[in-house]
There are 2 protein chains.
Amino acid sequence: MSKDGGILARYAMTLETLAAAPDGLSLMEVVQATGLPRGTVHRLLGALRGIGYIAPRGGRKIYVLGPRLLRLLHLGVAPAAVSSLVQPMLEKLVTRFKETAFVAKLVGADVQSVAMVVPGSDGQSYVQPGRVMPVHAAASAKAIFAFQDEALVEEVLSRPRTRYTENTRVEEAELRADLEQVRRQGFALCDEELDPGVLSYACPVHLEGAGVLYSIGLVGLSRRLGDHPRSEVVATLRAAAEAFSKGLPSGLHRPVIGEVPALGEERSG
Amino acid sequence: MSKDGGILARYAMTLETLAAAPDGLSLMEVVQATGLPRGTVHRLLGALRGIGYIAPRGGRKIYVLGPRLLRLLHLGVAPAAVSSLVQPMLEKLVTRFKETAFVAKLVGADVQSVAMVVPGSDGQSYVQPGRVMPVHAAASAKAIFAFQDEALVEEVLSRPRTRYTENTRVEEAELRADLEQVRRQGFALCDEELDPGVLSYACPVHLEGAGVLYSIGLVGLSRRLGDHPRSEVVATLRAAAEAFSKGLPSGLHRPVIGEVPALGEERSG
DNA sequence: AATATAGTTCTATTAAATGGAATTTTCAAA
DNA sequence: TTTGAAAATTCCATTTAATAGAACTATATT
């Protein structure tokens, strides 16, 4: 084997060089930073761009870390690490609506609850980590799966589903319609689909460049939570989701200005 | 060129497979998930482990995402995303010491101030983002550079330095001794090295698996800030640094239980 | 238009990836 | 402890990609 650690070491070096540059780097800047030959850097950048780990910024030949890498990094973060971050947000929600607030995360092909605050006596909260939410009967899960790849959705929908209540959707067509509605409306609703008399809302958390990996929502008795105007609940959750996405390491240094790089193959452009 | 997107596509597939499994996967599980031949997967995992992108969990041959990926995430995060997180911590420090508190971040080969709270009338705070701290005359920068790779330190020390005050260290040997002291003591001190009459403390923020990318500290007039016992200031800053590192998404799925994988080469273990 | 600089393509050489088979290790059941 | 099966690792002839430097093209700059 080579003395320098193989080809991956070069790719890693390139990624770290780009990560350290807030505004992205041109090919020649990478050449200078890494000490690699021009031709080599050109090929490395091309390969990294090919798999979406880096992306050109704007129309120019300036490269920054790409969406696929960001998504990977977020997936790699432990759910527990997030909970302290969102605790204050959840407590605000609880104060306002006097209902249980939660954050859920995509873990593999499951959605797990990550943090939860209940309207206890004086802001007392407990976390219920790792509980897997049923995809077909939880607003938290719907809010996330509505924005995942078709492949993942298909895998998830291929699993057997329990009919918890009369309202539980078990047919694939119904669920797909649900997900489509979530995409249109920007929030998920679960009206007595999991537990009778229990209503839940959830909003997807869009992480810039990394898609949707979290949702934030409220659960409560239909009679109480249902009394709040839907628009009010949703608006509040949306605001919380936005704050969440800004509080998390979500984006690249700067939003991509100009052309959005097309997915799929775009050779010899 | 190959039809499948090259070798990186396989590495990416492997990483994503592992990312979807919080508890890690064995070689054969990766084989099944990816459809690649055994021998190939074995080599891929070996290469990824070699650069720290994945790591064996416990003593067993189960692989999870590695620390080096996390560092990439933090490096890629915009400084602004951090400031909201640390604001409350800084305000606590200000309340306690009646001095300016700040957080600084490693950005490329510079240390920039990311957030700052001054002891204004009633908790009023303003952020002064992006100010680059001189490496040789700022506690914030010393606290960070003391824990960086030799290559980075060397690059930084190769730059010209201004002698701001009588106390400013400009000799490389002096600075290296400073950094060594920071490593030993766990905090950095800057005693009238940048501005006459101004004293600053900073503690490194150790992110689990990602090294030191931030520092948190205090700045104030020597006469006032110097009145506080050094041990008190340092203990408080250390606590803040620890809280900071817990508040940031710092951990991978699970801490490695059992043996800690050695750095460098550890073949045929 | 001239010139320098960045980016891209080309090419013979070197090095690594490939995957199937052989071998060793690991682990659990007898 | 023995035994057997699965997992992990090593091996190796073949294929394929990486390498680095030079030639070339595109893109500013004056």
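A, B, ... follow the sequence lines: proteins, then strands. Residue 1 opens every chain. Just the heavy atoms: all of them, side chains too, but no hydrogens, waters or symmetry mates, feed the values below.
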B/Arg43 side-chain N/O to D/dT10 phosphate OP1/OP2 under 4.0 Å: no
Contact residues, residues 25-38 of chain B to DNA chain D [heavy atom, < 4.0 Å]: B/Ser26, B/Leu27, B/Met28
Distance in angstrom units between A/Leu8 CG and D/dA17 C1', rounded: 14 Å
Spacing between B/Ile7 atom CD1 and D/dT15 atom C1', to the nearest angstrom: 13 Å
N or O in side chain of A/Lys61 less than 4.0 angstrom from C/dT8 OP1/OP2: yes
Pairs satisfying salt bridge (charged side-chain N to carboxylate O under 4.0 Å, His left out), at least one member in residues 137-149 of chain A, at least two apart: A/Lys142-A/Asp178, A/Lys142-A/Glu193
Interatomic distance where CD1 belongs to B/Ile51 and C1' belongs to C/dA16 [whole Å]: 16 Å
Contact under 4.0 Å: B/His42 side-chain N or O vs D/dT9 OP1/OP2: yes
All side chain to side chain contact (heavy atoms under 4.5 Å, CB included) counterparts of A/Ala109, not counting sequence neighbours: A/Leu152, A/Glu155, A/Val156, A/Arg159
Polar side-chain atom of B/Arg161 near backbone of B/His136 as donor-acceptor pair, under 3.5 Å: no
A/Ile62 CD1 - C/dT5 P separation (whole Å): 17 Å
B/Leu44 CG - D/dA8 P separation (whole Å): 15 Å
Whole-Å distance separating the OH atom of B/Tyr11 from the P atom of D/dA18: 11 Å
Estimated bend of the helix from C/dA1-D/dT30 to C/dA30-D/dT1 (axis per five terminal pairs, rounded to 10 degrees): 50°
B/Ser140 vs B/Met133, side chain to side chain contact (heavy atoms under 4.5 Å, CB included): CA-CA, chis, key distance, verdict: CA-CA 7 Å; B/Ser140 57; B/Met133 310 306 293; 3.4 Å; yes
Between D/dA8 (P) and B/Leu45 (CG): distance, integer Å: 9 Å
All side chain to side chain contact (heavy atoms under 4.5 Å, CB included) counterparts of B/Glu150, not counting sequence neighbours: B/Val153, B/Glu154, B/Arg176
Heavy-atom closest pair, residues B/Leu18 and B/Leu45: CD1-CD2, 4.4 Å
Electrostatic pair B/Glu16:A/Arg71 at N-O distance under 4.0 angstrom: no
A/Thr14 side chain to A/Thr17 side chain, donor-acceptor N/O pair below 3.5 angstrom: no
Pairs meeting criterion salt bridge (charged side-chain N to carboxylate O under 4.0 Å, His left out) with involvement of residues 29-44 of chain B, two or more places apart: none
